[in-house]
Colleague: 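For reference, the structure I am asking about is given below.
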Amino acid sequence: MDSFNAITAAIFLPFIFAGLIPVMEKILKQRVGWFAAATALTSFILIGLAAPEVLGDGHIVQGSISWIPSAGVNFAIYADGLAMMIGFIASGIGVLIMSYSNGYMSQKEDLKRYYQYLLLFMGSMIGMVFSANTIQLFIFWELTSITSFMLIGYWRHKPESIYGATKSLLITAAGGLAMLAGFLLLRTITGSFDLATIMSDPQVINAIKEHELFLITLILILIGAAAKSAQGPFYIWLPNAMEAPTPVSAFLHSATMVKAGIYLVARIHPIFSGTDAWFILVSGIGIITMLVAGFLAFRQTDIKGILAYSTISQLAYIMTMYGYTTHHEPGIGVAAATFHLLNHATFKACLFLVAGIVAHEAATRDIRKLGGLRREMPITFIVASIAALSMAGVPPLNGFLSKEMFYESSLEMGALLGGGFTFLIPACAVLGGVFTFAYSIKLIDGIFLGERSKEHLPEHIHEPPLTMLIPPAFLALLVILFGLVPSLPIHTIIEPTVSGILLETAHLHVKLWHGFTTSLMMTIATFILGILIYTRYDRIAAWQDKFNARFPWISVNYYYDNAVDSAKEKAFKFSTITQPGNIKYYMTAMLLLMIALVAIPVIILATNIVPSTLNFSIAPYEAILLLLLIVAALAAAVLPKYLPAIIALSALGYGVSLLFIYLKAPDLALTQILVETLSTIIFLLAITKIPQKYKEIIPKSVLFRDLAISLAVAASVFVVLLNATQGIMAPFESLSHYFIENSLPLAGGHNIVNVIIVDFRGYDTLGEISVLCLAALGVYNLIHSRGEEQ
Amino acid sequence: MTTIITKTITKVCIPLVILFSISLLLAGHNNPGGGFIGGVMFASVIALMYVVFGLKYVKTFFDPDWAKWFGFGLMLASLTAFAAMFFGHNFFRSAVEFVHLPLFGEIELVSAGLFDIGVYFVVIGSLLFIFKNVGDDNE
């Protein structure tokens, strides 16, 4: 299979197989999760088929299928090292998560829905990373938001789930819209939706950087990235997303979806990097988020809460490193960031899976109630320790290597900027590392070390089944392997990825031991400070609690909740103004609008309000008919009882249809007669229910106002009609010529009216009959819902 | 209203009016008529029957599910609109074909006619559906 086809198949296979899940569930029963895992594995292998070409030979697989060519939107694939790496992470971790879920999810759960969502998510994620077209990227991007929303809200009966799901959707999807706006601006600048085309042309990239829209485009796209990767003020959705089932958190909220923002930053790196704006925005958001989230993580009591904040801060590391650029040396931190991206996927997914095991076996995730589980769960303890130590940056694990690289690039960046930055940037990096070290230790200490609490925990806690143990153990093995033999991931995947981002061939040398360097000193300092902070844990926590209680308005959540909670109220207030419910107001608004839009322009256009060329000759039958019409209309308005008023109204209608016949419009006359008949019947049916005489007291002021409006409308209609034949439409010709000439040759009909309805304007008619159907259903609902209330 | 005279006249009228409404539907392409008018005519004669004989009594021998009628009509109309796409044309492209039949002479087959039949069923179905529901509520 050629690489383009293989990747296309890898994207769409999960979507197709998600549709098969209900069928497979009938055959496999509770083991349907293995089918999902097999699907993920197939996608992994399909991506792997493209690996020799992309990772081995260093080619970029490209191809496209025409989609909306007139808008420049194609289904286009761009597979370089970066896309391959995230593609491998999404499908590979997908295999582990879906296997693990077989043990984690209770048999009573709605497994169909669960695995369908997971597969849909995985397909969207793979589709997103291989997108070359920005519109396609946006669509897959929002699909991941939607599937994430469904997965977080998977337990529909829990209000926290619903809160978390809504929050994540509002924030990430809104961020996605900002990103779309950014892509549209990018198109305005470059004339293309195709990232590959933009990236391949250095002149275009220069033009973008000098364009006046550069900054706003960058900011909009970065808002999307930051919202998705929980950076800056947008981080608040991730902790609430932890209401999802733990495997989902491991998959979406640590290993894959939250990396979409990072991926986007890496993807647009060649286009936007090397500018001051890039460094300030990307690294600036990164550093602040890293410190704040690291500090907040430290304070959490829920295991998943700690992991959520730690994910935010780890993603911020990567963000920071991708931001390290200057005009002369763009891409200082790219290699380190990319390596950390891979390492984070391994150790954080592992930790989440361990959290799932602990919650599953000990029935609590509260770190204050846990402790001393090392005796009962020795294997889990070892696996968790490996992952946590890797996160803390302890050698010889992979987290140590990428953290060293982080320190190195921070030093280099600081030195390049000079001045106060020489120390400030490395110091921030170390402080981030200190928090990371402290909360990593806290996790292990809180769960596995110390004394076992008897009152909170079940009597017998044991190791989980193998289905739940093997996936995290496998990830822990990867953590060790990447640490001891760094050349393995570096040469196979990191180098092609870095080449993809920097658009030039990269050669990296990563070794476990490289002498007593400054960065090693920084690591040692991190450990010492980390232990110091950890021992002061209680005091810091107490201070933080006091601070939160005193200044609730400092948290971003405060503003989110305010905005969302009052949204309903504001919407209600808004709709009471715009839709007061009384037909009187709607009529008034419509009539006044008509005067403004039709009568006033006509009066302005027509030089004489009453044209001089009017023809006052009138045939006697017309005069009689018109007189009858006037009498009927007046009667309908004045008669005090419903029944006579309705009869007068019908008489008016039949009179008008008679007029149509005289004016040689049989279609209209026929329609008018029939509709008049039917509406009279319906009127008669309806009025049997209501009092025959209405005694509504109308205040004089209202009466006067209504009369004024009526007179204004009548006068303006009169003027418009007087002028209708006088050439006020001068530049426009009547459409009727076109229809008279073309109705027979084009549509084969002699009756122009009908040809217009079913052929020339068939689209309109289709819309109208749909509305008619909806109206019928609406009436049905209205009547029956009223019945239920009674 | 329900005198012997109205009842008898209604009975005689119903089949005639229905036939007339169908002829209006078919004539619509070249003469006054069409799906909408034909549909309203059909609906009004059934409505007349409901009024004259009473909804309850009519229900004992004639009680179609009008919702199915408008559902069918809407489907037919939209399928006609989509059909052109299967032949590689634009959405809603219409086709005209003239066929010679031994007894009837030249007959014109228009895709817009199918669309018109869809409109006919939507109008009948939705109007009578509303009528029946409103009428039901009144009893």
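In what follows, chains are A, B, ... by sequence order, proteins preceding strands, each numbered from 1. No experiment lies behind these values; they were computed from the predicted model shown.
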Colleague: Heavy atoms only, distances under 4.5 angstrom: which of B:L128, B:V123, B:L127, B:V122 has the most pairs with chain A? Name it, please.
Modeller: B:V122
Colleague: Counting heavy-atom pairs under 4.5 Å with chain B, which one of A:I769, A:V753, A:V779 comes out on top?
Modeller: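 Of the candidates given, the most pairs with chain B belong to A:I769.
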Colleague: Is it the backbone or the side chain of A:V758 that comes under 4.5 Å from a heavy atom of chain B, or both, or neither?
Modeller: both
Colleague: Which heavy atom of A:A776 sits nearest a heavy atom of B:I130, and at what distance?
Modeller: CA-CG1, 3.7 Å
Colleague: Drop me the distance from A:L774's CG to B:F70's CZ, to the nearest 0.5 angstrom.
Modeller: 8.5 Å
Colleague: From B:L48 CG over to A:I681 CD1, what is the distance, rounded to the nearest 0.5 angstrom?
Modeller: 5.5 Å
Colleague: Rounded to the nearest 0.5 Å, what separates atom CG in A:L766 from atom OG1 in B:T80?
Modeller: 9.0 Å
Colleague: Are the side chains of B:V119 and A:E768 in contact, using a 4.5 Å heavy-atom criterion?
Modeller: no
Colleague: Find out whether B:F36 and A:T671 are in side-chain contact, i.e. whether some heavy atom of one side chain is under 4.5 Å from a heavy atom of the other.
Modeller: yes
Colleague: Report the option among A:L777, A:I752, A:L668, A:I757 that has the most heavy-atom pairs separated by less than 4.5 Å from atoms of chain B.
Modeller: A:L777
Colleague: Would you compute the distance between atom CG of A:L674 and atom OG of B:S44 and round it to the nearest 0.5 angstrom?
Modeller: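 These two atoms lie 5.0 Å from each other.
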Colleague: Name the option with the most non-hydrogen atom pairs under 4.5 Å to chain B; the candidates are A:T765, A:D667, A:L670.
Modeller: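 Answer, by heavy-atom pair count under 4.5 Å with chain B: A:D667.
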Colleague: Highest number of heavy-atom pairs under 4.5 Å with chain B: which of A:V675, A:T677, A:L678, A:I673?
Modeller: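 Max contact count across the listed options: A:L678.
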